[in-house]
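For reference, the structure discussed in these notes is given below.
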2 protein chains.
Amino acid sequence: MEILDLENFLPYRLYRLADAVSREFAGIYKDSHGLTRPEWRTLSGLGQHGTMTATALGEQSAMHKTKVSRAVAELERRHWLTRTPDENDRRVEHLTLTKAGLAAYGEMVPLAKAFERGLLAKLTAGERAGIINGVAALEVALYRPVEKQ
Amino acid sequence: MEILDLENFLPYRLYRLADAVSREFAGIYKDSHGLTRPEWRTLSGLGQHGTMTATALGEQSAMHKTKVSRAVAELERRHWLTRTPDENDRRVEHLTLTKAGLAAYGEMVPLAKAFERGLLAKLTAGERAGIINGVAALEVALYRPVEKQ
DNA sequence: CCAAACTGGTTTCATTTGTAACCATCGAAA
DNA sequence: TTTCGATGGTTACAAATGAAACCAGTTTGG
């Protein structure tokens, strides 16, 4: 019987690595501010782009709309963002960070960057380049071939 | 204010990629047999190693013991594995796939391998090498530096 | 011996997630 | 216009998850 070596199976390795990295990184938004990952991504998206709709947020940060919806609701509850109705389309709301939201964002960004730097610093230049464009290539590969349903 | 480019932030990219790959791959165990990821990993671990304890399974496949426990319970319910009490330590059980479990495993392995091959086939040799040892290097990096409490 | 600390594994409970249904609004076509 | 399909966003419900408590059974140290 043919067997599969899980330890060297790419989907598994990738997931395990991403999970481990993500768990480590979560310290920055979870332990210090009690944010979930969707909340962090929402904050991050708005911090980066200024104002976005929920749909745009979902696309930018690869989250399902229910995750976005819930994350936005929680950040609003904290008064970290506000909603402004669109003038032409009453279904749409534009989301913007408040001062408090921006402050939290501004505080976390340097930590996030330091985290990434710390990680990459342990690799050789070749390994860094390898993983960075390996990831990019795989993403392209994944979305080129099997167009989903 | 300093901003973070989420799209190029390694933890995010890595997670998004792993998630996408994992979702695609799930078709092989979920859509066809209704397995969850922990159940698939359990099946895979036992298929590969023959007989293991729950603890060993958890280590091998990076799962929390509750996940293992539940996955084992479900596979047992399907009669895909059996438990044999350890002779010396009555806390321990040795898990083994039944004929039915092995059959399912044997059916999925070629599909899993084909999936991985298909993915890697879309990369150049350099990209393949890059990502493979980039992942390995990152894992080492992650577990070397910040020894968790 | 016996208590205390530890280990393998399960269960409970709260939180997070995914799916699908839903509501409102909008745009296009009849 | 009216109707019908798409779209922005929320909600309800079921399933998956994580943390911590738990129940054996085992080891260690006094």
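Naming: A, B, ... by sequence-line order, numbering from 1 per chain.
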A/Gln48/B/Asp5 under side-chain hydrogen bond (donor to acceptor under 3.5 Å, both in side chains): CA gap, chis, key distance, verdict: CA-CA 7 Å; A/Gln48 177 179 354; B/Asp5 180 11; 3.0 Å; yes

Steps toward ring-ring contact (aromatic ring centres under 6.0 Å, His included) verdict (A/Tyr15, B/Phe25): CA-CA 11 Å; A/Tyr15 195 93; B/Phe25 180 62; over 10 Å; no

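The side-chain hydrogen bond (donor to acceptor under 3.5 Å, both in side chains) test applied to A/Asn88 returns no partner, not counting sequence neighbours. With sequence neighbours excluded, the residues that form a side-chain hydrogen bond (donor to acceptor under 3.5 Å, both in side chains) with B/Thr96 are B/Thr51. Residues forming a side-chain hydrogen bond (donor to acceptor under 3.5 Å, both in side chains) with A/Glu74 (at least two apart in sequence, or on another chain): A/Arg77, A/Arg78.
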Between N or O atoms, less than 3.5 Å apart, protein on one side and nucleotides 16-22 of chain D on the other: list the pairs.
unit_1: D/dG18; atom_1: OP1; unit_2: A/Arg23; atom_2: NH2; d: 3.2
unit_1: D/dG18; atom_1: OP2; unit_2: B/Lys67; atom_2: NZ; d: 3.3
unit_1: D/dG18; atom_1: N7; unit_2: B/Arg70; atom_2: NH2; d: 3.0
unit_1: D/dG18; atom_1: O6; unit_2: B/Arg70; atom_2: NH1; d: 3.3
unit_1: D/dG18; atom_1: O6; unit_2: B/Arg70; atom_2: NH2; d: 3.2

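Cluster annotation: A/Val68 is not connected to A/Val92 through the hydrophobic network of ILVMFWY side chains, with a link wherever side-chain heavy atoms come within less than 4.5 Å.
Once rounded to the nearest 0.5 Å, the distance linking CG of B/Leu14 with CG of A/Leu119 reads 8.5 Å. Interatomic distance, OG1 of A/Thr42 versus CD of A/Gln60, reported as 9.5 Å (0.5 Å rounding).
As rounded to whole Å, 16 Å separates atom P of D/dG8 from atom CE of A/Met63.
Near DNA chain D, defined here as any heavy-atom distance below 4.0 Å, the residues from residues 76-93 of chain B are B/Asn88, B/Asp89, B/Arg90, B/Arg91, listed numerically. Of the residues in residues 54-61 of chain B, not one comes within less than 4.0 Å of DNA chain D through any heavy atom.
The side-chain heavy atoms of B/Val72 and B/Arg83, taken from C-beta on, include a pair separated by under 4.5 Å. The side-chain heavy atoms of B/Leu43 and B/Met108, taken from C-beta on, include a pair separated by under 4.5 Å.
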